[in-house]
Structure formats: structure tokens, C-alpha cells
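Everything below concerns the one structure shown next.
In what follows, every chain begins at residue 1, and chains take the letters A, B, ... in the order their sequences are listed.
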2 protein chains.
Amino acid sequence: MSATAPHTRKEQIYRAASALFSERGYRATSVRDIARELDLQGGSLYAHISSKEDVLWEIIARVADSFFAAVRPITEAEMPAGDRLRAMIHAHVGVVVNELARAAVFFQDWRHLSEPRRSEVLALRDRYEGLFRTAIADGIASGELAQRDARLATIMVLTALNGIPGWFRADGDRTADEIADELADLILDGLGRSS
Amino acid sequence: MSATAPHTRKEQIYRAASALFSERGYRATSVRDIARELDLQGGSLYAHISSKEDVLWEIIARVADSFFAAVRPITEAEMPAGDRLRAMIHAHVGVVVNELARAAVFFQDWRHLSEPRRSEVLALRDRYEGLFRTAIADGIASGELAQRDARLATIMVLTALNGIPGWFRADGDRTADEIADELADLILDGLGRSS
DNA sequence: CCTACCGATCGGTAGG
DNA sequence: CCTACCGATCGGTAGG
């Protein structure tokens, strides 16, 4: 409902939970771990949340929204498929880097949602993959991309991009845009070879 | 000690644990879940294992060995760096696909090892990445690969490859070799583009 | 390999 | 937001 509120207790809880979930995983993080981060007693959290899983759900649902909000508009832009794909990669990497912990939780801990939320996330992920698959298929059709298997290519692209939280540390020497540029080049051109 | 023993209870435990860990994660799998899979009582497992974490360690240490055993020899072969890298990718994918559950556990659950095992795994992973980084750096030096950043390229390659357990299902319509071929092409050539 | 148990910790609640 | 508590489940052990 409220759009990215600023300093409420609830937001502090989401922030702390994102950090802990992303580092240790959802199951290895207790409600008391989160509370301790905010100098609260374990039970006190429940004045603001209704369950641990609801916190996970809120984190995941929000980043999912962020991904669609960033990438969706690009899919409707009029430009060559190759450029469109590059712009989508940029947008996607932007969300990952700017919401690093939340994105890591999304990729890592969606399994721990109970039904029907789990299936809902899977459906969202499929739709999102579809946006990329369409761009890639368009690129193949127009001859811009030389591929056989749009589905496999799509999975590879997103797998590579979603691995960012596993290695990226914001030490400030590379901006999200620079990372996105390098990754887009790697993905579009490959490692390159002479043959 | 014993080399990949066949049907001992211990091996059955490792097999069941690999399947469960890979599906639900280490923390979400109880010792009783594993026991149930073998029609045993929870406590009975401890006649064969000494702790839940030891089971995780055994799974992870073994696949780590498999990766080195498959890839290491290739790094010493005399051939152009591009061919060598392709062969390494093939070998790596072979291990992932043939030990799908164990590999998934390795990639997913190493965080849950306690020290010093956790650091040991990280050190092994660094050494292993180094094998690929060297091949890529060689390829850059010889002009076979057109890259700026060997480290980033290495991480991308392994990230893409290690994502396989996330989507690959052995429905029999693609062999490990076919997968490896397609992935190697994708990684070496990229999606391809006309510009 | 089972039965029966241990202390610790879990997510969550009541009552203030 | 705290204190104090709940039942359930956890990894692991004793004793046979």
C-alpha cells in the first residue's frame, strides 16, 4: 500500500531482515536475530509484523515489483531488439545492484514461501523470463542475434545476472552502470574468439 | 577413504540427504526427514553418521573433489587456450549434470558449514576459479579471447554454469554433452549481434 | 536399529 | 514495547 515508506519501524524490520536473510538464509535467521538487530525483544516484533513468512513475502513481492517496473517499459519501446535487450539487461542489473540484499533474498529464499505464494512467485518469474525471451526471439527473427534456442539463452542471461549478489561488493570502484555495461558486453559478445 | 562405495547404508544416507538438501535446503531439512526417506527412526541415523553437518560436509567435499578431478588434468594439456577453456567447460558441466543434487547442495548450502570447513570450501572455490581464470587470461594473452577483465569473465562463466541445477531436469531429451556444447557456444560467442 | 528421552531453540501469543 | 510463557520441533544421546 504505502510506497517505500522511509523510517518506520516496519521498514527497519524489512531492512534488517533482508540483510540477515541474504547473509544466512531465511531458515537460519530467527525472529530473535532480527529483533536483536533493532535492540528489541523477540516477541516485540509482532507488534509490527504478523509472521516471519510475511516479512519474507513483503521483501520478495517488492523486488519482484521493482524488476517489472524497471524492465517492462523497455519492452514496449520501439528500437532494434539487440538494443532493447541491452537496455533490459541494464535495467535489471540496476535493480539487482541497488537492492542487493532484497534481490539476493528473492533469488535464494523464494522456496521457503508456503503455497499459494510460492506458486505465485514462480508464475511471476515465468512472466518476467518471458519478457526477456521475447526480446531474444525478436533479435533472432531480425537476424541481430545468432541463436538456436531462445529459451536456453534467456535462462543463461538471467542466471548470469542473478548471480551478481554472490560476488558483487559495493566497494565503490564500479557503479551499477559500469557493471551493467561489462556484463551486457560479455553476454552479447561472449568471451570472443578468433575462430 | 572408501572410494564411492555402492550400497552401504551410509551411501544411502548421503544420497537421500543430497536429494532433500538440494530441494529444500540444509536448514529446512531435518535429520528425521532423511531417516524417513530410508524408513528409519530419527535417532537410528546416528549409528551411521556422527552429525548432520558431517553429512553436509561429506557431500560437499566429494563434489569439490569431482570438479578438480575432472577439470585439473585439462589445465595441463597442451592446446590453444580457447580449446582448453571449452574442454574445461565441458568437464565442469559434466560433473554438474551427473551429480546434479550434490552439485546443487555444494553451490547452495556451503554457507551452513561451520568453521574451519566453511573457509576451507571458500579456499577450494578460489583455487578452482583460478584454474578458469588462468585459461581465460591465457586466451586473452594469445589473442584468442577479446576481454578486458579476466576476473569478471571467470565469475560470469562459472555463475552461468553453476546455475544449471536451477533449471535442468533430466527428462532425457538432452545429454550432458549436448548441454555443455550449447552452453560453451553461448559463453564463447555470446548471443551474437550484427553490430 | 528402536524406544524414550535430553536441553535448546523455534515462531508466536497473552496481558500488561 | 516488555515479561513471561506456549507447544512444537530441533539435533543428538543412552541403553538396550
Side-chain angles (χ1 to χ4, degrees), chain A residues 2 5-61 105 108-118, chain B residues 2 5-61 105 108-118:
Chain A
S2 66
H7 293 285
T8 68
R9 214 70 245 231
K10 216 167 182 175
E11 291 306 315
Q12 293 177 15
I13 292 171
Y14 293 144
R15 182 178 304 267
S18 299
L20 290 171
F21 292 168
S22 72
E23 284 165 23
R24 313 176 183 173
Y26 175 74
R27 298 295 293 237
T29 303
S30 74
V31 165
R32 279 150 183 86
D33 290 334
I34 301 170
R36 193 179 308 119
E37 211 75 9
L38 303 173
D39 290 308
L40 295 182
Q41 295 302 312
S44 304
L45 273 191
Y46 288 86
H48 305 97
I49 68 170
S50 56
S51 75
K52 186 190 175 190
E53 195 192 309
D54 277 4
V55 174
L56 176 62
W57 170 247
E58 187 72 21
I59 294 168
I60 288 179
V105 173
Q108 221 170 58
D109 287 322
W110 63 266
R111 295 165 192 272
H112 299 115
L113 289 169
S114 57
E115 295 295 352
R117 287 169 168 173
R118 189 185 148 123
Chain B
S2 66
H7 294 285
T8 68
R9 213 74 239 236
K10 216 166 183 174
E11 292 305 316
Q12 292 177 15
I13 292 171
Y14 293 145
R15 182 177 305 267
S18 299
L20 291 171
F21 292 168
S22 72
E23 282 165 27
R24 311 176 186 175
Y26 175 74
R27 298 294 294 236
T29 303
S30 74
V31 164
R32 279 149 183 88
D33 290 334
I34 301 170
R36 193 179 308 118
E37 211 75 7
L38 304 172
D39 289 307
L40 295 182
Q41 295 302 313
S44 304
L45 272 192
Y46 288 86
H48 305 98
I49 67 170
S50 55
S51 76
K52 186 190 175 190
E53 195 193 310
D54 278 4
V55 174
L56 176 62
W57 171 247
E58 187 73 20
I59 294 168
I60 288 179
V105 172
Q108 220 169 58
D109 287 322
W110 61 268
R111 296 165 193 271
H112 299 115
L113 290 169
S114 56
E115 296 294 352
R117 285 167 169 174
R118 189 184 146 123

- prompt: Is the closest side-chain donor-acceptor distance between B:Q12 and B:R9 under 3.5 Å?
  reply: yes
Distance-only donor-acceptor check, side chains B:D33 and B:T29, under 3.5 Å: no
task: Under a 3.5 Å limit for both distances, which nucleotide forms a Watson-Crick or G-U wobble pair with D:dT3, could you say?
output: C:dA14
- line: Per-nt protein contacts along nucleotides 1-16 of chain C (heavy atom under 4.0 Å; B base, S backbone sugar-phosphate only, - none) come out as BBB------SBBB---
field: Test log, rule salt bridge (Lys or Arg N to Asp or Glu O under 4.0 Å), inputs A:R117 and A:E53
entry: CA-CA 10 Å; A:R117 287 169 168 173; A:E53 195 192 309; 3.5 Å; yes
Watson-Crick or G-U counterpart of C:dT9, or none if no pair lies under 3.5 Å: D:dA8
message: Which label fits A:Y26 and A:F21: parallel for a plane angle under 30°, tilted from 30 to 60°, or perpendicular past 60°?
response: perpendicular
- prompt: Would you say A:D54 and A:I49 make side-chain contact, with heavy atoms under 4.5 Å?
  reply: no
